[in-house]
Amino acid sequence: MSQYLSTDVTKVTTNTLMKMRQQGERIAMLTAYDYSIAKLLDMAKIDVVLVGDSAANVMAGYTTTLPITLNEMIYHASSVVRAVKRALVVVDMPFGTYQGNSKVALNSAIRIMKESGADAIKLEGGAEVIESIDRILSAGIPIMGHLGLTPQSINKFGTYAVRATTEEEADQLRKNALLLQEHGCFSLVLEKIPATLAKEVTESLQIPTIGIGAGRHTSGQVLVFHDMMGITQQFTPRFLRRYLNLSEEIVGAIEHYISDVKENTFPNESEQY
Ligand code: KIV
């Protein structure tokens with residue numbers, strides 16, 4: 001609340017996203033894990049900053065999102081919150097902090113909100129985590145759901161391939177989407193599912209859907225910042241549009257610096273005291 005009182009910027013809230021959905025204005029979401037990048041996203045007027053557990057991959061170099069801890073997510077989230085004045089900040093609940101025991105889930109969500117100052121949390125799954133969802137919502141913590149490809153379940157599925165391609169899985173996703181809305185989630189991420197299914201699910205809901213690899217008929221889109229900026233190189237799924245090739249630019253600049261140092265042309269006279 002103090003954030004609203006101490007700034008003249010109009011903050012994006014979960015109500016703003018609902019209004020955007022109703023008015024057909026698309027929602028733009030990107031990930032950030034640190035202060036400097038989050039500040040740039042907010043300057044550019046992104047609607048939602050997601051402190052994704054993809055931090056496990058792009059910040060820490062793990063091959064899955066499973067190892068990242070609650071303390072690590074809170075560290076990333078509080079760095080982001082210090083930078084962001086306008087966007088809605090949503091934080092992923094890491095693997096193992098909400099499945100199975102709804103009291104643990106509530107404690108984890110409260111720690112994220114209290115210690116980072118974020119606006120909302122996101123968690124993966126449908127009916128299997130509904131007890132945790134109910135308990136977290138009962139404390140007044142807004143929840144963004146996440147269906148389709150749920151990276152925290154990679155060991156169950158064994159592949160990052162497109163999800164819900166069978167009628168059985170598609171039907172389960174439709175039911176889970178409605179269930180999450182009924183129980184009070186304010187929005188849903190739909191990851192890597194057929195575009196026709198994402199369109200149908202979006203049209204069946206009142207809350208906004210945010211797609212990644214789910215076509216263009218969702219209420220908004222999300223990408224991982226390091227992927228869309230071309231900082232990560234090996235990850236090249238069909239859905240990823242690269243807006244820059246930063247890895248080349250950064251390596252080029254580092255090589256330039258190294259040669260300046262070796263040739264003793266840096267620093268020059270105007271760069272010294
Ligand atoms: O962790 C993450 O970055 C995500 C997005 C890909 C939706 O969950």
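In listed order, ligands and their atoms are each counted from 1. Here the structure is a predicted model, which is why all the values come from computation and not from measurement.
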**Item:** Stepwise side chain to side chain contact (heavy atoms under 4.5 Å, CB included) test for Q221 and F239
**Value:** CA-CA 11 Å; Q221 297 292 330; F239 68 77; over 6 Å; no
**Item:** salt bridge (charged side-chain N to carboxylate O under 4.0 Å, His left out) against E115, all qualifying residues, sequence neighbours excluded
**Value:**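 Testing E115 for salt bridge (charged side-chain N to carboxylate O under 4.0 Å, His left out), a comparison that skips the adjacent residues, returns R111.
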What does the contact table look like for ligand 1 (nitrogen or oxygen on each side, cut-off under 3.5 Å)?
from     : atom 1 : to   : atom 2 : distance (Å)
ligand 1 : 1 (O)  : D53  : N      : 3.2
ligand 1 : 1 (O)  : D53  : OD1    : 3.0
ligand 1 : 1 (O)  : S54  : N      : 3.0
ligand 1 : 1 (O)  : S54  : OG     : 3.3
ligand 1 : 1 (O)  : D92  : OD2    : 3.1
ligand 1 : 3 (O)  : S54  : OG     : 2.5
ligand 1 : 8 (O)  : K122 : NZ     : 2.9

**Message:** Test of understanding: clusters of I, L, V, M, F, W, Y form through side-chain heavy atoms closer than 4.5 Å, transitively. Do L123 and V104 belong to the same one?
**Reply:**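 No, no single cluster joins them.
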**Members besides L149 in its Ile/Leu/Val/Met/Phe/Trp/Tyr cluster (side-chain heavy atoms under 4.5 Å)** =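 Members besides L149, by chain and number: L66, F95, I154, Y160.
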Give every donor-acceptor pair under 3.5 Å between a side-chain atom in residues 55-63 and any protein atom, sequence neighbours left out.
from : atom 1 : to  : atom 2 : distance (Å)
N57  : ND2    : Y62 : O      : 3.1
N57  : ND2    : T64 : O      : 3.4

**Asked** Given H226 and Y33, is the ring-ring contact (aromatic ring centres under 6.0 Å, His included) satisfied, shown in steps?
**Response** CA-CA 10 Å; H226 291 65; Y33 320 103; 5.7 Å; yes
